[in-house]
Amino acid sequence: MRTYNSATAPDAIAVTGPGARTAGPSGPSAPAPDSPAAAPQAPGSDSRAAVAGSRTAVFRTPAPDSRRRGTLLAGLGVVAFSLTFPSTVWGLESFGPWSLVAVRSTLAALLAGVFLLAGRVPLPERRHWAGLAVVAGGVVIGFPLLTSLALQTSTTSHAAVVVGLLPLTTAAFAALRTGRRPSRTFWIAAVSGAVVVLGFTLAESGGALSTGDLYLFGALLVCAAGYTEGGRLAGLMPGWQVIGWALVLCLPLMVAASAVALSLEPVRLNAHGVIGLVWVAAGSTFFGLYVWYRGMAAIGIPKASQLQLAQPLLTLVWSVTLLGEALSPAAPVAAVAVLVCIAVTQRSKS
């Protein structure tokens, strides 16, 4: 397969001026060596030029249709992710934590490989492989493994704490990675939403720390790093290819890990275990990350990350429906508060 080169792809936009670069089809122009990296932008966005001294820079703001589509895709990703913890609990009925993660990643990688081959997708440029390794380590291996280990001793409602903190952590990682600084209104709404979700989930779990807390906070950090790097790469290549190549990158390791883990951990197949495995492999790991990264590329990492404030509440709904956990009357109040915070972050300038 040939190497993907965004700089020579069709529909490039020429930008004049010293130090200017050519923007690829996905939107963002490559930054000059002495300029901060630009955050990923969506195809079809509007451009406006600003002249500073002798240099012309290009700024892009997503078109309304692109923003709506990006919000919808990121929202679908959140729904897919909200089923991850209940599905993992089901999967653990049949598999050990190491086996479940290794097999789910192997199945997802095979699925991604089929799509990549069928689409005759070219290999990413060499400069993108380090970023893909960060995505693989964070969202393909790190987060699933650490949360699976945590869910052996923690309830799904307690584990939802990490998801409640994830949007704020992702926004912080994104600010450090891209050099962009969201507005004060954005941060106030983001922190408020995180506090609401954190307080709600801690109240639901009784406010007690479990032995899985270190796993959960470790999962929070590696996932935020993976989301941020994946969102950046989704501005340079289609989002499904980001997660597709990250999965393929892990395939040799995960095949070996599956063989070892399945030989060491007991396997007790039942309907719940098989359904849980299938969902975390095809639903959460492949489909969810596919639409999530496409959404982030369209509306930006900070705003997309705030949609995840709704994820813990959705997870609690699935926990009631699928696992039989009790839901407190405070859930609707928390849901309304979170939706207000999301609306504010979506309208604030970042």
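These numbers come from a predicted model, not from an experiment.
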Would L249 and V135 satisfy side chain to side chain contact (heavy atoms under 4.5 Å, CB included), going step by step from the backbone distance to the final call?
CA-CA 10 Å; L249 184 63; V135 176; over 6 Å; no
Between V140 and I243, is a side chain to side chain contact (heavy atoms under 4.5 Å, CB included) present by the stated rule, with each step listed?
CA-CA 8 Å; V140 177; I243 186 56; 3.9 Å; yes
Passes side chain to side chain contact (heavy atoms under 4.5 Å, CB included), F95 versus V274? Steps please.
CA-CA 9 Å; F95 302 92; V274 173; 5.7 Å; no
Hey, mind stepping through V195 and V191 against side chain to side chain contact (heavy atoms under 4.5 Å, CB included) and telling me if it holds?
CA-CA 6 Å; V195 169; V191 172; 4.2 Å; yes
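Between the CZ atom in R104 and the OG1 atom in T88 there is a gap of 5.5 Å [rounded to 0.5 Å]. To the nearest 0.5 angstrom, F286 atom CZ is 6.5 Å from W240 atom CH2. Interatomic distance, CG of L216 versus CG of L220, reported as 9.0 Å (0.5 Å rounding). Atoms CZ and CG, on F85 and L322 in that order, are 14.5 Å from each other to the nearest 0.5 Å. F143 contributes atom CZ, which lies 7.0 Å from atom OG1 of T84 (distance to the nearest 0.5 angstrom). T228 contributes atom OG1, which lies 11.0 Å from atom CG of L233 (distance to the nearest 0.5 angstrom).
For V260, the side chain to side chain contact (heavy atoms under 4.5 Å, CB included) partners are L264, not counting sequence neighbours. Every side chain to side chain contact (heavy atoms under 4.5 Å, CB included) that T321 has, sequence neighbours left out, goes to V317. Checked against side chain to side chain donor-acceptor pair (under 3.5 Å), S319 has the following partners two or more places apart in sequence or in another chain: T156. Qualifying side chain to side chain donor-acceptor pair (under 3.5 Å) partners for Q152, counting only residues two or more places apart in sequence or in other chains: none. Legend: residues meeting side chain to side chain contact (heavy atoms under 4.5 Å, CB included) with V78, ordered by chain and number and at least two apart, are W292, L307, Q308, Q311, L314. Residues passing the side chain to side chain contact (heavy atoms under 4.5 Å, CB included) test with V333: none are found, sequence neighbours excluded. Applying the side chain to side chain donor-acceptor pair (under 3.5 Å) rule to T106 yields the partners S258; only residues at least two apart in sequence or on another chain are considered. The side chain to side chain donor-acceptor pair (under 3.5 Å) search around S148 returns none, not counting sequence neighbours.
Residues S94 and L277 are not in side-chain contact: their nearest non-hydrogen atoms beyond the backbone lie 4.5 Å or more apart. Looking at F81 and L289, their side chains come closer than 4.5 Å, going by heavy atoms from C-beta outward. Side chains of L92 and P97 form a contact here, defined as non-hydrogen atoms less than 4.5 Å apart. Counting heavy atoms from C-beta on, the side chains of M254 and I141 come closer than 4.5 Å. The shortest distance between side-chain heavy atoms of I188 and S192 falls below 4.5 Å.
Closest heavy-atom contact between R232 and E229: NH2-OE2, 2.6 Å. Nearest heavy-atom pair, S87 versus L83, reported as atom, atom and distance to 0.1 Å: OG-O, 2.8 Å. Closest approach of G288 and A80 over heavy atoms only: CA-CB, 3.8 Å. In plain terms, the two heavy atoms of A281 and A108 that are nearest each other are O-CB, 3.4 Å. In this structure, R67 and I299 approach most closely via the heavy-atom pair O-CG2, 3.4 Å. Contact record, A189 with V344: CB-CG1, 3.5 Å, taken as the closest heavy-atom pair.
Cluster annotation: L247 is connected to F115 through the hydrophobic network of ILVMFWY side chains, with a link wherever side-chain heavy atoms come within less than 4.5 Å. Hydrophobic clustering, with ILVMFWY side chains joined whenever heavy atoms are under 4.5 angstrom apart, groups I275 together with V79. In the hydrophobic clustering of this structure, V267 groups with L151; members are Ile, Leu, Val, Met, Phe, Trp, Tyr whose side-chain heavy atoms approach within less than 4.5 Å, directly or through other members.
Panel note: side chain E265, backbone S99; a donor-acceptor pair is recorded below 3.5 Å. A side-chain donor-acceptor contact under 3.5 Å links T147 to the backbone of P144.
The aromatic rings of W129 and W245 lie perpendicular to each other, with more than 60° between the two planes, well past the 30° mark.
Each ring pair (Phe, Tyr, Trp, His ring centres under 6.0 Å) pair with one or both residues in residues 252-280, not counting sequence neighbours, appears once here: W90-H272.
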Extract all donor-acceptor atom pairs below 3.5 Å that involve side chains of residues 161-176 and protein atoms in other chains or at least two apart in sequence.
{"residue": "T169", "atom": "OG1", "partner": "L165", "partner atom": "O", "Å": "2.9"}
{"residue": "T170", "atom": "OG1", "partner": "L166", "partner atom": "O", "Å": "2.8"}

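Cluster partners of L110 are L251, V255, counting Ile, Leu, Val, Met, Phe, Trp and Tyr whose side-chain heavy atoms approach within less than 4.5 Å, directly or via other members. Under the 4.5 angstrom side-chain criterion for Ile, Leu, Val, Met, Phe, Trp and Tyr, the cluster partners of V222 are W98, V101, L145, L146, L149, Y215.
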